[in-house]
2 protein chains.
Amino acid sequence: MGDILDDRARSILFQAARTHSKFKDTPVPDDVLRQAWDLARMGPTSANCQPARIVFVRSPEAKQRLKPALAPGNLDKTMAAPVTAIIGHDMEFYERLPVLFPHADARSWFLGNETMIQGTALRNGTLQGGYFILALRALGLDCGPMSGFDNAKVDAAFFAGTPIRSNFLINIGHGDPAGLYPRGPRLDFAEACRIE
Amino acid sequence: MGDILDDRARSILFQAARTHSKFKDTPVPDDVLRQAWDLARMGPTSANCQPARIVFVRSPEAKQRLKPALAPGNLDKTMAAPVTAIIGHDMEFYERLPVLFPHADARSWFLGNETMIQGTALRNGTLQGGYFILALRALGLDCGPMSGFDNAKVDAAFFAGTPIRSNFLINIGHGDPAGLYPRGPRLDFAEACRIE
């Protein structure tokens, strides 16, 4: 058995961590966002393709550009959050594979195969989004991930003229426990898993 | 700033952890797989929908059923791995929302909306797969995630007659460093992120 995480670390990542809608005024320094990326980017992706691209929406001007894309239920909390990350993925991620995965001609696996490009970009960009949520928690930040928004509007406002497409959003800050709902139930092992 | 992970824990999850192709003979007890699920299931999903479903392929008989679906490059390492997890998602996950998300009639958001069902199942099932990779690492296990296989064949062999569809595979065990490739480069913050 290799090294394992102690109970405190497991709690920070999984058990005590909650999805937050309301955040304290405590600032979120740019440097912590950079540290979170530096952790999350080490997580595995297929052929090391790393399609995730992130825009951190922090300034009032950028928040105003995000606003029209938000679902009504996500509007106020997102406008008030210290930072909102747009987790996107680069649909031309394969152009970087000669550098990121030099062991094989991995670029040729994707060129012209739209189904494989889309599946790989979405699956691996989402995995990286999951690593990023846990990296933020590892650094003492709280998250409020959301998929309730208009992707086409976000793409037009933040990724126009690029091959990047939005996937989901994460409000980021120091959560205010006063804004928490009771925790939702989770599926037991026997409900979700089996061993064959 | 809330509690943060120390350098050792960050290293176990992100920096020292590697994708493994070759595993030692050290057994992987069922109980550790259960513990990993119990951690990973606490990670956030939209409307707490938890679509991920996992089959742990361990017995020689089950491995033989998996074998014809594997890409040639993934065949030997997967047959030799102590356990291979099939990460799938339940395309009828929304039927559980009245229990998992009792705050609203979330089931009605999905019924009959195939695009939203597919997008939500894939995005959230993949997020849960990412949490699961890090939960396995937190418990001292190593992972070899893969998407090189025939999904339709896996679905026929393991999910026939169910609304569950395969997403990706994870070989699980105690990695043998002798089987490692040099680590691939990662994108810098400035290459993948921007702050607005």
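Every heavy atom of this structure was used, including side-chain atoms; hydrogens, water molecules and symmetry mates were not. Chain naming here is simple, since letters A, B, ... match the order of the sequence lines and numbering starts at 1 in each.
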Legend entry - Any side-chain heavy-atom pair of B:Leu100 and A:Pro185 under 4.5 Å: yes
Legend entry - Leading residue by heavy atom contact count with chain A [cutoff under 4.5 Å; candidates B:Gln15, B:Arg183, B:Gln50]: B:Gln50
Inset, instruction - First locate atom CG of B:Asp30, then atom SG of A:Cys193, and finally report the distance between them rounded to the nearest 0.5 Å. - result: 11.5 Å
Inset, instruction - Working to the nearest 0.5 Å, report the span between CG of B:Leu187 and CZ of A:Phe93. - result: 12.5 Å
Inset, instruction - Check the pair B:Leu5 / A:Ile12 against side-chain contact (heavy atoms from CB on, under 4.5 Å), numbers first and verdict last. - result: CA-CA 8 Å; B:Leu5 258 61; A:Ile12 290 171; 3.6 Å; yes
Legend entry - Taking every non-hydrogen atom, the tightest pair across A:Ala192 and B:Ala52: CB-O, 3.9 Å
Legend entry - chain A neighbours within residues 112-121 of chain B, where any heavy atom lies under 4.5 Å away: none
Legend entry - When A:Leu33, A:Asn167, A:Ile164 are compared by non-hydrogen pairs under 4.5 Å with chain B, the top option: A:Asn167
Legend entry - Parallel, tilted or perpendicular: rings of B:Phe56 and A:Phe189 (30°, 60°): parallel
Legend entry - Co-membership, hydrophobic cluster, residues A:Val83 and A:Phe23, 4.5 Å side-chain: no
Legend entry - Linked, directly or transitively: A:Leu111 and A:Trp109 (ILVMFWY side chains, under 4.5 Å): yes
Legend entry - Test item: A:Phe14 and B:Tyr131 side chains (from C-beta on) under 4.5 Å apart, heavy atoms: yes
Inset, instruction - Consider only side-chain heavy atoms of I, L, V, M, F, W and Y, link residues closer than 4.5 Å, and tell whether B:Ile86 and B:Leu127 are in one cluster. - result: no
Inset, instruction - Would you check if the side chain of A:Arg186 reaches a backbone N or O of B:Asn48 as a donor-acceptor pair within less than 3.5 Å? - result: no
Inset, instruction - Under 4.5 Å, heavy atom to heavy atom: which of residues 148-162 of chain A reach chain B? Give them by number, or say none. - result: A:Phe158, A:Phe159
Inset, instruction - Below 4.5 Å from any heavy atom of chain A, which atoms of B:Gln128 appear? Answer side chain, backbone, both or neither. - result: neither
Legend entry - Any side-chain heavy-atom pair of B:Arg53 and A:Arg194 under 4.5 Å: no
Inset, instruction - Side chain from CB out, backbone as N, CA, C, O: work out which of these in B:Asp188 comes under 4.5 Å of a heavy atom of chain A, or both, or neither. - result: both
Inset, instruction - Find the distance between OG1 (A:Thr126) and CG (B:Leu122) and round it off to the nearest 0.5 Å. - result: 6.5 Å
Legend entry - Hydrophobic cluster identity match, A:Val55 and A:Val28, side-chain contacts under 4.5 Å: no
Inset, instruction - Using modelled atom types only, decide if a donor and an acceptor are shared between the side chain of B:Glu196 and the backbone of A:Arg58 within a distance under 3.5 Å. - result: no
Legend entry - Contacting region of A:Ser59 [heavy-atom separation from chain B under 4.5 Å]: both
Compile the donor-acceptor pairs under 3.5 Å between side chains in residues 133-147 of chain A and protein atoms, sequence neighbours left out, one pair per line.
residue: A:Arg137; atom: NH1; partner: A:Leu13; partner atom: O; Å: 2.7
residue: A:Asp142; atom: OD2; partner: A:Gly175; partner atom: N; Å: 2.7

Legend entry - Atom group of A:Val57 that falls short of 4.5 Å from chain B, counting heavy atoms: backbone
Inset, instruction - Can you check whether anything in residues 34-46 of chain B gets within less than 4.5 Å of chain A, heavy-atom wise, and list it by number? - result: B:Arg34, B:Gln35, B:Trp37, B:Leu39, B:Ala40, B:Arg41, B:Met42, B:Gly43, B:Pro44, B:Ser46
